[in-house]
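Note that the structure is predicted; figures quoted are calculated from it, not measured. Lettering follows sequence order; numbering is per chain, from 1.
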Amino acid sequence: MVMRVVVIRVKILETNQQVELDVKSTTVRELLLRLGLTLSEHIVFKNGEVITEDDIVEDNSEVVVFTVKSGG
Amino acid sequence: MTNCSFCEKPAVYVNPISRLAYCKRHFIEYFERKVRRTMRKYNMLSEDEHIVVATSGGKDSLSLLHILVKLSRKNPKWRITAVLIDEGIKGYRERTVENLVKYAEIRGIPYVVAGFKEYIGMTLDDIIEEGRRRGLPYMPCSYCGVFRRHVLNQVAREVRATVIATAHNMDDIVQTYLMNIISNSWERVSALTPVRSEESGGFIKRIKPFYEVPEKESALYAILNNLVKPEFIQCPYVKYNVRFTVRRMLNELEDKYPGAKYGLLRSLQAIVPVLKGRVDSRSRYNCLVCDEPSSQKVCRACLYKMQLGLLEAEKIGFILDKAKSDKALASLLKYYSSNSNSEKVL
Ligand SMILES: [Zn+2]
Ligand SMILES: [Zn+2]
């Protein structure tokens, strides 16, 4: 039997990074915390829709993290 | 999936303080209600106004423009002009200019794009280079802030605005508050009010309708209304900026203690009346060179221009002549003509 590695893929727009998290499921809050990103500065998208920090992300999915900063 | 506290739809936002969840529709309602309440509470606008909305093409200012345009449908005597100050920052500003122009043209909103090049004489990129060449002690954000304000005032006067609305949000305000506490600049703290209006000639009333709106909410409002795409564009000079560190610190504090930023805003509002009469941030003069309201006899924009070699010789001659019989002016000019003064970091 072949082991399939399933991860949560995170795209961080600010740093243009792609990160893979090896967890089965996590809340958005914990996900940001793991990445050292603040809740108050980030909006998270899944499948193009905004989700909240209380939402749960399962493995084998992809989220996009957008940093809110004053455009100036 | 988190559901909206007011209907069954999926939530897009959870208020970290009240813990209420909002779907798209209920978030937009909540946001607009909050801004309308702020505007009412501080008497920002009357029935008959020509509002200049200071826009950058970024999320905050497009959100502000959007909500004011929306409200203007119920206020037929409001006129709105969007003004974008193009500092001339290569690879950055072009992209946000596009956002504004697209927004304004689709809806037929009058707009003005005013460049540093035309109004000051040089783009910000060139100003920074020239400043370095001349050994001037200023940070990029000092030139930018001073000149941006100057050009905005000038354009607002040209279009005969009755009020200038800026998109400073709660985060901007508490960051500035903290930075000014650190640098012991209480006259600047006393100017951090939701409304600024002064008696002095030519001062156009300034309002901050997002005074009580956290940055995340104004960004979300822009995204949900499709005003901006979720892409990250940042000013290249921001890394030279103290605000960068202060903002990070405040947001970490907020995550640990939800409501901390709001608490700082309340602290600011409590201290401003105490400062009244003790520190003076009013613009008592009209600048001898450009006639704009200023707290000194020559405004900072004109002083910077002088140091950068952007002020005409006859104007320099005129103020030097005035300084012969005016000690305060003479020492002001002396301060600004010596390049060795070390710039306050903030
Ligand atoms: Zn709802
Ligand atoms: Zn001036």
Side-chain angles (χ1 to χ4, degrees), chain A residues 3-72, chain B residues 1-2 10-14 16 19 21-22 24 27 55-62 87 89 92-93 96 99 141 144 148 167-169 171-172 175 214-220 222-224 228-235 237-238 241 243-244 247-248 250-255 258 260-261:
Chain A
M3 278 285 282
R4 205 164 57 91
V5 181
V6 271
V7 291
I8 299 173
R9 281 181 304 280
V10 186
K11 193 174 164 197
I12 306 169
L13 294 175
E14 177 174 3
T15 47
N16 205 14
Q17 270 178 298
Q18 302 261 11
V19 184
E20 293 189 340
L21 289 181
D22 189 6
V23 283
K24 188 136 183 29
S25 95
T26 173
T27 61
V28 169
R29 179 192 317 277
E30 284 162 12
L31 182 141
L32 289 175
L33 204 67
R34 263 169 197 268
L35 298 168
L37 303 173
T38 56
L39 291 174
S40 16
E41 285 174 299
H42 297 93
I43 294 176
V44 178
F45 293 79
K46 196 178 135 189
N47 304 324
E49 302 287 338
V50 178
I51 56 175
T52 74
E53 57 243 46
D54 293 340
D55 283 315
I56 290 164
V57 187
E58 307 277 352
D59 58 6
N60 207 18
S61 60
E62 191 175 315
V63 296
V64 175
V65 179
F66 169 62
T67 312
V68 302
K69 278 195 180 163
S70 290
Chain B
M1 192 62 85
T2 315
V12 293
Y13 182 66
V14 177
R19 300 300 303 158
Y22 297 86
K24 178 179 169 176
F27 173 80
T55 55
S56 65
K59 58 182 177 46
D60 296 298
S61 56
L62 281 178
E87 307 90 348
I89 304 174
Y92 168 63
R93 189 50 84 209
T96 66
N99 282 345
C141 302
C144 188
R148 216 158 49 174
H168 295 104
N169 56 48
D171 289 61
D172 297 326
Q175 285 158 24
E215 180 163 33
K216 187 169 177 174
E217 292 183 6
S218 97
L220 191 54
I223 284 172
L224 296 176
V228 292
K229 284 193 276 303
E231 51 183 11
F232 189 73
I233 321 175
Q234 183 168 253
C235 175
Y237 296 115
V238 80
N241 188 322
R243 187 178 292 276
F244 193 80
R247 103 176 244 135
R248 169 92 206 181
L250 278 172
N251 283 315
E252 280 169 1
L253 187 71
E254 177 72 28
D255 276 10
K261 288 192 277 198

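Of all the listed residues (B:L220, B:D255, B:V14), the one sharing the greatest number of non-hydrogen pairs under 4.5 Å with chain A is B:D255. Counting heavy-atom pairs closer than 4.5 Å to chain B, the top residue among A:T15, A:D55, A:N16 is A:D55. Contact count against chain A (heavy-atom pairs under 4.5 Å) is highest for B:K216 among B:K216, B:K24, B:E252.
Contact of B:K261 with chain A is made through the side chain alone, with heavy-atom distances under 4.5 Å. For a residue to count as touching a neighbouring chain, one of its non-hydrogen atoms must lie under 4.5 Å from one of that chain's; by this rule B:T2 touches chain A with backbone and side chain alike. If you measure heavy-atom distances from B:L224 to chain A, the contacts under 4.5 Å come from the side chain alone. Residue B:P214 does not touch chain A at all, counting heavy-atom pairs closer than 4.5 Å.
Annotation: side chain of B:E231 is not in contact with side chain of A:L13 (no heavy-atom distance under 4.5 Å).
Minimum heavy-atom separation, A:G36 to B:R248: O-NH2, 3.1 Å.
Evaluation of the ring pair (Phe, Tyr, Trp, His ring centres under 6.0 Å) rule for B:Y13 yields B:F27 as partners, not counting sequence neighbours.
To the nearest 0.5 angstrom, B:M1 atom CE is 6.5 Å from A:K46 atom NZ.
Across A:T38, A:V68, A:L39, a single residue satisfies side-chain contact (heavy atoms from CB on, under 4.5 Å) together with B:N251, and that is A:T38.
Among the residues in residues 47-54 of chain A, those with a non-hydrogen atom closer than 4.5 angstrom to a non-hydrogen atom of chain B are A:V50, A:I51, A:T52, A:E53, A:D54.
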